[in-house]
Protein chains: 2
Amino acid sequence: MAAPKFVEIKQHLIANIERGVWREHAKVPSENALAGEFGCSRMTARRALTELVEQGVLVRSQGQGTFVASLKSQGSMLNIRNIADEVRGRGHDYQVQVLEQLRLPADASVAIALGVAVGAEVGQTRLLHSEDGRPVQLELRFVNLALVPDYLEQDFYRQTPHEYLSQVAPLTEAHHEVEAVVVDAKTASLLEIDQGEPCLRIHRRTWSRSGTVSFARLTHPGSRYRLGGHLVMD
Amino acid sequence: MAAPKFVEIKQHLIANIERGVWREHAKVPSENALAGEFGCSRMTARRALTELVEQGVLVRSQGQGTFVASLKSQGSMLNIRNIADEVRGRGHDYQVQVLEQLRLPADASVAIALGVAVGAEVGQTRLLHSEDGRPVQLELRFVNLALVPDYLEQDFYRQTPHEYLSQVAPLTEAHHEVEAVVVDAKTASLLEIDQGEPCLRIHRRTWSRSGTVSFARLTHPGSRYRLGGHLVMD
DNA sequence: AATCTTTGCTTGTATATACAAGTTGCCTGT
DNA sequence: ACAGGCAACTTGTATATACAAGCAAAGATT
């Protein structure tokens, strides 16, 4: 029933930070000091400190000590989820339509984004994802065929590009940018929105161990989509 | 020079997962098995496994074992940063203009968002943040005065609301929503954009231990702002 | 006075060990 | 055949210990 000892120590540290006993950048007790104070071994005190470092509450430096992290650096996170999971998670019907699936030489901007030579062949797919019959995301994706040679042979009605890529080239790093845009007439008609209606556009670039795998441009109708995020800090 | 032993074990596990030796939901060797295989103690093998669990690569269950996590659940994160830090981080000039700072009774929507009674007095501030003289964010914020009674007495030219709130009511949880919108004429003129130009709008709600602290609506000109995120998974 | 060395404190890595607690399957007694 | 309990294996918590490595300040040497 009782909380483990390292949790007690974590709570003690957090409580003291929150009530201002130790302010920003102040030094907190060392591992040995905490071990003495709580009557536990150094490794147990260390675990409490280590977990708070992972949570971004503390920072530590070998030889110097452990300090309260600057509060403003605790930036919150916004979760970007797989659209298929997201739609199904809402209990709605998920559908996809494959509009394009072709091989073409990279122009300058694609070559830079994928880290390949200009003119190198890359895979391009364009998919329209729908929720309960209404479009929610237009996905334009460029894939590095050197790293994922079988990409264009896949059936994306069975498995989304994101799911397939996650399997064959588990990503180790991702970068996102989000912006608000107005789209051209063709895109507007695909998304079934009025021209002039704002859209949320996410640029997503993913790396695997061996290089840049894929570059995707995800466009959501502003009227029909919200990107939601949640982070528990404690 | 050599990597620590627990890092070697992590790399070995990740490599085997990536090349498909252990697929989704497959069981990976137990702590004791890894300890034997790598000629280390169980605690060292345990550390490698624990860190991979934290990274979302593995899941474990007491009594059963450790398993490869489902790959699709590795959602990426998008970092939402403090606008002042973000502007200064780009090496640009940051300026703020306080447009409103007043006390008013909560209407229905504000009352729900802040978790107070309709008609309860809440603080409202409207700030315009600028980068190199051009507006980049219009911040409309409602604050629960029951939790932060001195909010309206602050000088937000010295310290942004976000910074002040971080100090007096360290937040334990935050929720975000991002959408694309077109704004009214008044807002457009404040942001110095054409009417009809899309904007990125972030709804940000923060909790402290004692309740909902603040509800902010952050509006960025779509032409001048991108929300950037980055996550290292390894 | 300036510089090098030592000493002590800090965190980082690693081991060996012990017991607790959850899960599974086998095996025994009825 | 079934139920109960036992044994084996798993992860979870905790301790005691050892040495490595980074840092800072006091002290010794030049």
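None of the values given here were measured: they were computed from a predicted structure. Quick note on labels: first sequence line is chain A, next is B, and so on, each numbered from 1. Keep in mind that the numbers below use all heavy atoms, side chains included, and drop hydrogens, waters and symmetry copies.
Of the residues in residues 35-51 of chain A, A:Gly39, A:Cys40, A:Ser41, A:Arg42, A:Met43, A:Thr44, A:Arg47 come within less than 4.0 Å of DNA chain D through at least one heavy atom, sorted by number.
Side chains of B:His203 and B:Glu179: a donor on one and an acceptor on the other come within 3.5 Å. A side-chain N or O of A:His129 and one of A:Glu139 form a donor-acceptor pair less than 3.5 Å apart.
Interatomic distance, CZ of A:Arg205 versus CZ of A:Phe142, reported as 13.0 Å (0.5 Å rounding). A:Gln101 contributes atom CD, which lies 12.0 Å from atom CZ of A:Arg141 (distance to the nearest 0.5 angstrom). The distance from atom CD of A:Gln137 to atom CD1 of A:Ile83, rounded to the nearest 0.5 Å, is 5.0 Å. From A:Glu177, atom CD reaches atom CD1 of A:Ile202 across 11.5 Å, with rounding to the nearest 0.5 Å. Separating the OH atom in A:Tyr151 from the OG atom in A:Ser214 is a distance of 6.5 Å, to the nearest 0.5 Å. With values rounded to the nearest 0.5 angstrom, A:Thr212 atom OG1 is found 12.0 Å from A:Ile112 atom CD1.
Summarising the geometry, the separation between NZ on B:Lys5 and C1' on D:dA20 is reported as 14 Å, rounded to the nearest angstrom. Look at CZ on A:Arg60: it is 18 Å from P on D:dA21, rounded to the nearest Å.
In this structure, A:Pro4 and A:Gln64 both approach DNA chain D, and ranking their closest nucleotides by distance from the 5' end singles out A:Pro4.
Chain B approaches DNA chain C within less than 4.0 angstrom (heavy atoms of the protein), and the contacting nucleotides run 5' to 3' from C:dT13 to C:dT24.
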